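Contents: one structure, followed by commentary.
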Amino acid sequence: MCGITGWVSFDRDLTAESTTLDAMTETMSCRGPDDRGSWTGGPAGLGHRRLAIIDLPGGRQPMTVDTPTGTVALVYSGETYNFTELRRELAGRGHRFTTESDTEVVLRGYLEWGEALAERLNGMYAFALWDARHDKLVMIRDRMGIKPFYYYETADGVLFGSEPKAILANPLARRRVALDGLREVFAMVKTPGHAVWDGMREVEPGTVVTVDRAGLRRHVYWSLETKAHTDDRDASIGKVRELLDDIVRRQLVSDVPRCTLLSGGLDSSAMTAIAARQLSETGETVRSFAVDFVGQADNFVADELRGTPDTPFVHDVAKASGTDHRDIVLDSHALADPEVRAKMIRARDIPMGFGDMDASLYLLFHAIREHSTVALSGESADEVFGGYLQFFDEGARTADTFPWLVRFADHFGDDSGVLRPDVTAALDLPRYVKDSYATAVTGIRRLDGESDFEYRMRKICHLHLTRFVRILLDRKDRASMAVGLEVRVPFCDHRLVEYVYNAPWSLKSFDGREKSLLREATADVLPKSVYDRVKSPYPSTQDPQYAVALQGHVKDLLATPGHPVFDLVDRGRATRAAERGTPQITQASRRDLERTLDLALWLDLYKPEVVLS
């Protein structure tokens, strides 16, 4: 797990541009606190910051191989979970290895199979190879988009990086955001390839991007495809468990301390219990961590979103699985701390956030990093197995829009309502969302004989796996890597995703509940309390003092003459949210406060050119 960056300029020799390459590389220091490296060769320069996980002494980067016709250089971020099998196969084909790292396996794999290497990898990864044999750059991203990867075309080449900040450190990249960029921030639709910043794009999940003197080409090596599911219920349950056992075992491999993120929900509990059982075979104990808020366990108030507090269920799992458990308990002062908010904005490079849930995630990861370097997360199980309320809400299921937007509007209102009327009119978000939805559902293949209802649920599952999950994966990656913590996501293994996606909805919810397949596949390792628990989202503080603290920060902002945030935000609405009495602070007004502060900090930190025409 690392941070990568680079620059290809076919019209110049980049050996004279080491200062700029170093500046790009240093923006990745949080992602790679253990080591740094750079390499230049003619028109190409690569930079790397390393978080050492496997083969601590031998995995330094950039990693190169000199061939008779030119050097091949690699910068790699992520983990390849099947590197042992690939290494064995490559050794059988005559390759000789000098390290124990998965990075060298990827490099040797490229020498053997070229760009087709991507199809052989199981893991989370974003990597770039400069192939001097053909004067070309090859950029490859994992199937689900777990690891971020961006690029920016220039007049004579390309810039790239794990995060936009690496690209923006190069003077060739403009810090400019136009209407489509702001639309992406406020729409919550995650358009594939879109990067918010003008001129910048993502390497899309499951895609190879190649750049040479002839230009840039994209090749999709994996996408979510419709296939017939022929297994019955028992066979499907057994297959899910078989896959989970294999996935967790692979993802526990590490040369540094690892742990699990435990929320007391079905997903993280199942993963933690399986990990605990596997590690007990060698006498090891799983470390587990959970987030909680001061007073929340004693003063919890149930609502439609969250019916139960997490802590009692967390402790049930920790006791049943014998984990070495620790609760990370946060107070409202820490959650509302402007510096914590600023760190999340810096981590994400855009003012797109989840309020106190972003702050608590960052603080949780920061606390975990004092004990572990690798954590396994239950992230994405809701998208894979169908766990969200919108999967069961008839209004959300039948709406001609993204289902999560219906649920979000029901609970929080219009997230862009804090904007000035003229900005809202210019954005025209309803049309943007409508067009985006139409594009997103185009091409989702229907099985022969599939009922209207099953096809509708297939589309909803597809939207969550190709759009919504990428919002959450990006949030998870940025928050964790901001503190140098590697978070692995077993439920994003493409084998599991493919298998469960093609199971009919009637099988995914055979008992009328969410995530039926996962629940039954892991029933033997779950406490009964967790087995019976209803889905509860990531926790949010209920302490009113959090909103009161936000009000104070927004009042300070309102007292700052001429702050550019009010070129975007409706000053009157922000004032009303800041002056509400504590009993009148609604979820919508809390979101107004959070959005105002996010935008203000982003403008202060990045000083972007915002173009509204």
Side-chain angles (χ1 to χ4, degrees), residues 81-82 122 143-144 206 222-251 265-275 277-278 317 376-392 397 403 444-466 468-469 489-528 530-535:
Y81 301 125
N82 63 334
N122 176 307
R143 293 168 178 83
M144 290 295 291
W222 183 88
S223 60
L224 199 57
E225 296 182 355
T226 298
K227 300 176 183 177
H229 186 86
T230 58
D231 291 345
D232 63 14
R233 181 191 300 181
D234 288 343
S236 298
I237 292 169
K239 181 64 173 180
V240 167
R241 180 54 180 271
E242 175 189 332
L243 284 168
L244 286 174
D245 283 340
D246 179 68
I247 292 164
V248 172
R249 192 176 298 279
R250 289 176 183 277
Q251 297 199 19
L266 175 61
D267 320 330
S268 65
S269 299
M271 175 203 64
T272 296
I274 291 173
R277 178 173 289 189
Q278 292 181 356
V317 176
L376 271 65
S377 166
E379 188 87 83
S380 308
D382 286 308
E383 290 82 2
V384 175
F385 288 95
Y388 292 116
L389 290 175
Q390 57 262 26
F391 283 95
F392 298 87
R397 291 199 298 201
I444 301 175
R445 191 171 73 83
R446 182 174 185 167
L447 283 176
D448 292 341
E450 194 168 46
S451 70
D452 290 345
F453 175 75
E454 281 287 355
Y455 181 53
R456 186 194 319 157
M457 296 310 297
R458 178 180 295 281
K459 288 194 289 187
I460 290 173
C461 292
H462 195 282
L463 290 171
H464 279 81
L465 289 167
T466 58
F468 191 65
V469 74
V489 277
F491 291 107
C492 275
D493 186 291
H494 71 277
R495 299 169 298 162
L496 182 67
V497 172
E498 290 172 343
Y499 184 78
V500 178
Y501 168 67
N502 281 300
W505 182 252
S506 59
L507 189 53
K508 289 176 185 161
S509 58
F510 62 78
D511 58 1
R513 300 185 60 188
E514 75 280 3
K515 296 181 284 195
S516 306
L517 282 176
L518 176 59
R519 181 178 292 101
E520 291 306 316
T522 57
D524 62 308
V525 296
L526 294 172
K528 188 175 187 305
V530 174
Y531 177 89
D532 291 333
R533 190 185 186 193
V534 175
K535 162 69 182 173

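This one's a predicted model, so the numbers in the text were calculated from it and none came from an experiment. Along the sequence shown, the residues carry numbers beginning at 1.
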Over all heavy atoms of both residues, which pair between Phe392 and Arg397 is shortest? Give the atoms and the distance, please. CA-NH1, 4.0 Å

What pair of heavy atoms forms the shortest contact from Ser236 to His229, and how long is it? OG-NE2, 2.8 Å

With heavy-atom distances below 4.5 Å as the criterion, would you say the side chains of Leu224 and Arg143 are in contact? no

Compute whether any side-chain donor of one residue and acceptor of the other, for Glu520 and Tyr531, lie under 3.5 angstrom apart. yes

Output all residues satisfying side chain to side chain donor-acceptor pair (under 3.5 Å) with Glu498, sequence neighbours left out; order by chain, then residue number. Trp222

Minimum heavy-atom separation for Ala521 to Val240, with atom names? CB-CG1, 3.7 Å

Between Ile247 and Asn122, is any pair of side-chain heavy atoms under 4.5 Å apart? no

Are Tyr81 and Asp493 close enough, and set up right, to give a side chain to side chain donor-acceptor pair (under 3.5 Å), and what steps lead you there? CA-CA 10 Å; Tyr81 301 125; Asp493 186 291; over 6 Å; no

How would you list, by chain and number, every residue that makes a side chain to side chain donor-acceptor pair (under 3.5 Å) with Thr272, sequence neighbours excluded? Thr260

Phe510 ring center near Trp505 ring center (under 6.0 Å): no

Minimum-distance pair of heavy atoms, taken over all atoms of Cys461 and Lys508: SG-NZ, 3.5 Å

Between Glu225 and Asn502 the two heavy atoms that sit nearest each other are O-ND2, 3.1 Å

If I compare all heavy atoms of Val525 with all of Ala273, which pair ends up nearest, and what's the gap? O-CB, 3.5 Å

Are the side chains of Arg458 and Thr226 in touch, meaning some heavy atoms are under 4.5 Å apart? yes

Under the side chain to side chain donor-acceptor pair (under 3.5 Å) test, residues paired with Tyr388 that sit two or more places apart: Glu383

Side-chain heavy-atom pair Ser506, Phe453 within 4.5 angstrom cut-off: no

